[in-house]
Amino acid sequence: MAREDTIYESVEEDESSRGEAEVRGSNWTTNEDRALKDKLLRKYSKYISSLKHEFSNKKKKGKLPKEARQVLLDWWNLHYRWPYPTEADKIALAESTGLDQKQINNWFINQRKRHWKPSENMQFAVMDSLCGPFLVNN
């Protein structure tokens, strides 16, 4: 049994020392590593620059087309007191704007958070409809 313990100990020592060597060897400080890095940069610099150019030319996400925003804003203004479109409204808005329903949903969520302040009467009406049967007036 003692011999088996010795074998396992030597394997563990080998593994732990190898891990330390890997950590020390991963540093880009040697001349050999710098030379390899420079060689790779020279070889692939055209490809890297074309990728950078391609990424910079891609249309940035975040803004919906102006016409689509205007259609959504028109709907918003007509329904300002309760700006929660039905599923049928969302389908119609998606068809008229060319946006998908997820974009429509997100636009309304953001618009309500940023610009909608329900009136006090509206807040009480919503609370009454949610809690009405459970509240008892004395």
Novice: Out of curiosity, N31 CG to L36 CG, how far, rounded to the nearest 0.5 Å?
Specialist: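 Result: 12.5 Å between the selected atoms.
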Novice: So which heavy atom on A68 is nearest to which on L99, and how close?
Specialist: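 Scanning both residues completely, I find the closest heavy atoms to be CB-CD1, 3.8 Å.
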Novice: Specify whether H79 and W75 have parallel, tilted or perpendicular ring planes, treating 30° as the upper limit for parallel and 60° as the lower limit for perpendicular.
Specialist: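 Geometry flag for W75 against H79: parallel rings.
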Novice: When the side chains of residues 42-49 are checked against the rest of the protein, which donor-acceptor pairs come out under 3.5 Å, sequence neighbours left out?
Specialist:
unit_1: S45; atom_1: OG; unit_2: R42; atom_2: O; d: 3.4
unit_1: S49; atom_1: OG; unit_2: S45; atom_2: O; d: 3.2
unit_1: S49; atom_1: OG; unit_2: K46; atom_2: O; d: 2.9

Novice: Mind checking whether L78 and L72 sit in one hydrophobic cluster, side chains of I, L, V, M, F, W, Y counted as touching below 4.5 Å?
Specialist: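 No, L78 does not connect to L72 through the hydrophobic network.
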Novice: Would you say the side chain of F108 lies within less than 4.5 Å of the side chain of W116, judging by non-hydrogen atoms?
Specialist: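 No, their side chains stay 4.5 Å or more apart.
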Novice: If hydrophobic clusters are built from ILVMFWY residues whose side chains come within less than 4.5 Å, do W76 and Y84 share one?
Specialist: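 Yes, same cluster.
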Novice: Looking at V71, is its backbone amide N or carbonyl O close enough to the side chain of D74 to form a donor-acceptor pair, meaning the two atoms are under 3.5 Å apart?
Specialist: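 The answer is no, because no donor-acceptor pair under 3.5 Å joins these two groups.
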Novice: Would you say the side chain of Q101 lies within less than 4.5 Å of the side chain of I91, judging by non-hydrogen atoms?
Specialist: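 Contact flag for I91/Q101 side chains = yes.
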Novice: For residues 102-115, which residue pairs qualify under side chain to side chain donor-acceptor pair (under 3.5 Å), counting only residues two or more places apart or in two chains?
Specialist: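 Applying side chain to side chain donor-acceptor pair (under 3.5 Å) to every pair that reaches into residues 102-115, excluding sequence neighbours, yields K90-N105.
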Novice: If you round to the nearest 0.5 Å, how far is CG of L41 from CZ of R34?
Specialist: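 Rounded to the nearest 0.5 Å, the CZ-CG separation comes to 13.5 Å.
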Novice: Are P65 and T97 side-chain neighbours, meaning at least one heavy-atom pair lies under 4.5 Å?
Specialist: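 When only atoms from C-beta onward are counted, T97 and P65 do not touch, as no gap falls below 4.5 Å.
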